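Worksheet for the structure shown next.
Letters A, B, ... are given to chains in the order of the sequence lines, protein chains preceding strands, and every chain is numbered from 1. What you see is a predicted model, and the numbers here were worked out from it, not measured in a lab.
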Protein chains: 2
Amino acid sequence: MASIKDVAKRANVSTATVSRVLRNTGNVTEETRQRVLEAIEALNYQPNVLGRYLRRMETETVLVVVPDITNPFFSKVLRGIEAVALKHGYQVLLGDTQNDARLEEQYLNVLPQRQVDGMIFLTARIRKELMEEMAEQFPIVLACEYLEGADIPTVSIDNISSARKATEHLIRLGHRRIAHLSGPMNIILSRDRLRGYYQALAQHEIEVDAALVQEGDFTYESGYNLTLKLLAFEKPPTAIFAANDEMAIGAVKAIRHRGGRVPDDVAVVGFDDIQMASIFEPSLTTIAQPMFEIGQKAMELLLRLIEGIDVERRQLVLPDRLVIRDSCGGGRSV
Amino acid sequence: MASIKDVAKRANVSTATVSRVLRNTGNVTEETRQRVLEAIEALNYQPNVLGRYLRRMETETVLVVVPDITNPFFSKVLRGIEAVALKHGYQVLLGDTQNDARLEEQYLNVLPQRQVDGMIFLTARIRKELMEEMAEQFPIVLACEYLEGADIPTVSIDNISSARKATEHLIRLGHRRIAHLSGPMNIILSRDRLRGYYQALAQHEIEVDAALVQEGDFTYESGYNLTLKLLAFEKPPTAIFAANDEMAIGAVKAIRHRGGRVPDDVAVVGFDDIQMASIFEPSLTTIAQPMFEIGQKAMELLLRLIEGIDVERRQLVLPDRLVIRDSCGGGRSV
DNA sequence: GATGGTGATGTAATCGATTACATAAGCGAG
DNA sequence: CTCGCTTATGTAATCGATTACATCACCATC
């Protein structure tokens, strides 16, 4: 394996000059530049990036921590991150925690170990103090989620208002017994969507029935099973607001499995607007999040942190919108 | 940021001893070990892995090149890779090519650059000679795909026989005008599935109608659009075999959009058995691939290559199976 | 008590690039 | 012609860990 020394020797220059040619910096005459390039070509030389990393103390790599890469929502956000990273010459290291909060904290360590220049969390179940301590010293961005009361750069939508919007839509359609399939309660985003749900009920003076709130885990299976449970109640809900589309699809399947029709017997609203939301039948009324854009903005924000550029707006709230389709009836179909 | 020197100074030992404690190698008395550990604790020291990488010339990182991370098939394979990697202390770098073959070749360069210890390709559109040249020098594994005539370690299923199996199922149900929605023809896997389709037709002496083979790109949209085209023929097909589930779902939607019923008017068979295949209605008859296991085996194979262990079986063909559901009628529902 | 072996620790080279600093050459202005 | 500035190039330190090799102390053996 040829090293920079071999190139230098062959081109009859010093390693410094070779490096200058490689990095396209400083002053090199066209003639020596050509000589160096020829040597590189002849030796089939590829610079060993580990030497560069150590010397420059940066790797042009960012770590993205995701709770579950098979979740289409996250993979779409990741795509946005990748797109911006690639454009700026950064690489993306993937950390799939498989929903294990302890793994999340472990991944934090790659920062002081200098393995990556910064990181983006698509999930935030890390202790606030720890996260704040790290975020002070290293570039960290939260995407999708935020940490209550912590001043950490964040890109997300307003989960409270969008959940309220979704619930209100059901209320407007005449529903009063509205169930909520929430995400895991140790995730802020889940709590926010629940809060928005409560706000909508309160605003329309609908009494809260605690049994109508069921905690799921964002999987199809949990949506399915919890809905079966809801339908077994003496007074089952006439509408279900699920905290994501996969659970909503699970809900629809469960309702049908019990012989019900959607939206005629039970209306369903989802969240995220993944591709399947419009393909599935009935197509899902849902809250559309700008997934790709969340990823893009998060990466752009991270880049600015890495480059030490002063970031004026550290918290970014992107617009979402209610997409009305067939799963809740009443509205027009899109 | 504390370095190993600081720890050495504080513990009153040499850096060599600190390193011995860190790596848990060589002979260190329990007493000095404790002293070193205390110093590490006190300084909140984290070893800078870049120094280690350079000296050891390995990064315990592997690169996975995937054509599209939002494709549930690939993300499931990736999960299998991740699981094994994590267990062995390896990290996973993600390279999403967004279906750009040129990017694929570019990613090959990270190997001589020493940035990763090995790589797994979930897609193989790289020139054979180039790939072979690299695979001779560095640990490379192909998952899902293989390269014709090249002796590169590979984990996959037998796409020809499984496509034949799927097509034969349709023939057994009485279909004679069977269309095939193929994947991109520059991918071997697509060509293999097409070949299996042809083999089944030939075996049952069904004449091939070239117009019934339409080249898609594995996306829902292409499945939808190509099916609309097929349905516009004077003699439209009575069955469609799609090269993956997403195109199959697109086909179903297109058929319905034209007022047809599945499977009554047109039968549909997919490929992969992604989660949505069983959720979607009608549930899809499809070829189930062991996605997670493909990832696992590929990573295990790669690990052995990295560690220089002689690999006896370089080509691994995993079993697939035909899952019969509702989208093609006739069979029992699962 | 000399010899050799073992275990604990230190010294310093090493990995491969980058870059601060030194040096030399070339050129224009006075 | 000389001074000073610019440009091109070289020398060598540096990044932080790992590790080959050296050293020393201690103990057992004959």
Taking only N/O atoms, report every protein-nucleotides 19-27 of chain C pair under 3.5 Å with atom names and distance.
residue : atom : partner : partner atom : Å
C:dT19  : OP1  : A:R56   : NE           : 3.3

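The pair B:E129-B:R127 does not meet the salt-bridge criterion, since no charged nitrogen lies less than 4.0 angstrom from a carboxylate oxygen. Using a 4.0 Å cut-off between charged nitrogen and carboxylate oxygen, A:R35 and A:E31 count as a salt-bridge pair.
Taking atom CG on A:L54 and atom P on C:dC15, their separation rounds to 14 Å, with Å as the unit. Whole-Å rounding puts the A:D6 CG to C:dG16 C1' distance at 11 Å. D:dG16 atom C1' lies 14 Å from atom CD of A:Q115, rounded to whole Å. Between the C1' atom of D:dG16 and the CG atom of B:L22 lies a distance of 12 Å, rounded to the nearest Å. Between the CG atom of B:N48 and the C1' atom of C:dA17 there is a distance of 15 Å, rounded to whole Å. Taking atom CG of B:L50 as the reference point, atom P of D:dT14 lies 19 Å away to the nearest angstrom. In this structure, A:K9 atom NZ and C:dG16 atom P are separated by 13 Å, rounded to whole Å. One atom, CG of B:N12, and another, P of C:dT9, lie 12 Å apart when rounded to the nearest Å.
For the pair B:Y53 and C:dA17, the criterion of a side-chain N or O lying under 4.0 Å from OP1 or OP2 is not met.
Backbone-only contact: B:V13 has heavy atoms under 4.0 Å from sugar-phosphate atoms and none from a base.
Environment of CD in A:E148: crowded, with over 12 heavy atoms of neighbouring residues, nucleotides or ligands closer than 6.0 Å.
Taking CD1 of B:I81 as the reference point, atom CZ of B:F292 lies at 10.5 Å (rounded to 0.5 Å). Taking CG of B:L108 as the start and CD of A:Q46 as the end, the distance is 10.0 Å to the nearest 0.5 Å. Taking CD of A:Q91 as the start and CG of B:L63 as the end, the distance is 8.0 Å to the nearest 0.5 Å.
The side-chain hydrogen bond (donor to acceptor under 3.5 Å, both in side chains) check on A:Q289 picks up A:D272, with sequence neighbours excluded.
Side-chain atoms of A:T59 and A:R114, non-hydrogen and from C-beta on, never get closer than 4.5 Å to each other.
Within a heavy-atom distance below 4.0 Å of DNA chain D, the residues of residues 27-40 of chain A found are A:N27, A:V28, A:T29, A:T32.
Ranking D:dG10, C:dG16, D:dT18 by closeness to the B:I4 side chain, first place goes to D:dT18.
Checked by atom type, the side-chain pair A:E30/A:Q34 shows a donor-acceptor distance below 3.5 Å.
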